[in-house]
Asks: 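Next up is a structure, given as structure tokens.
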Amino acid sequence: MFYHLDSFTNFKNYLSEQGSKGEKLGLNEEVLAKAATKVADYLTESEKPRNREEKVLKELGKVAADGQEKEAISFNF
């Protein structure tokens, strides 16, 4: 169902494609970062990490102190 979650590389490529689509629609970096944060929050809460990269991202999401830190982590994929 979610082929883009099958591997970390697929997931990064999927996010990159979605970010490019958002930019073409005129969304600015702040809006894109907030959207990426929502996706990261969902994955942190709902998905079990499948590899070490996902485990690191999950831990970073847990320790992020505020929304700005979460946005920075999400946007710098």
Asks: Mind listing the closest non-hydrogen atom pair of Val31 and Asn28 along with its distance?
Replies: N-OD1, 2.8 Å
Asks: Under the side-chain contact (heavy atoms from CB on, under 4.5 Å) test, which residues partner Val56, sequence neighbours left out?
Replies: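 Partners of Val56 by the side-chain contact (heavy atoms from CB on, under 4.5 Å) criterion, ordered by chain and then number, come out as Leu60.
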Asks: About how many Å separate CG of Leu25 and OG of Ser20, when rounded to the nearest 0.5 Å?
Replies: 11.0 Å
Asks: For Gln18, enumerate each residue passing the side-chain contact (heavy atoms from CB on, under 4.5 Å) test, keeping only those at least two apart in sequence or located in another chain.
Replies: Tyr14, Lys21
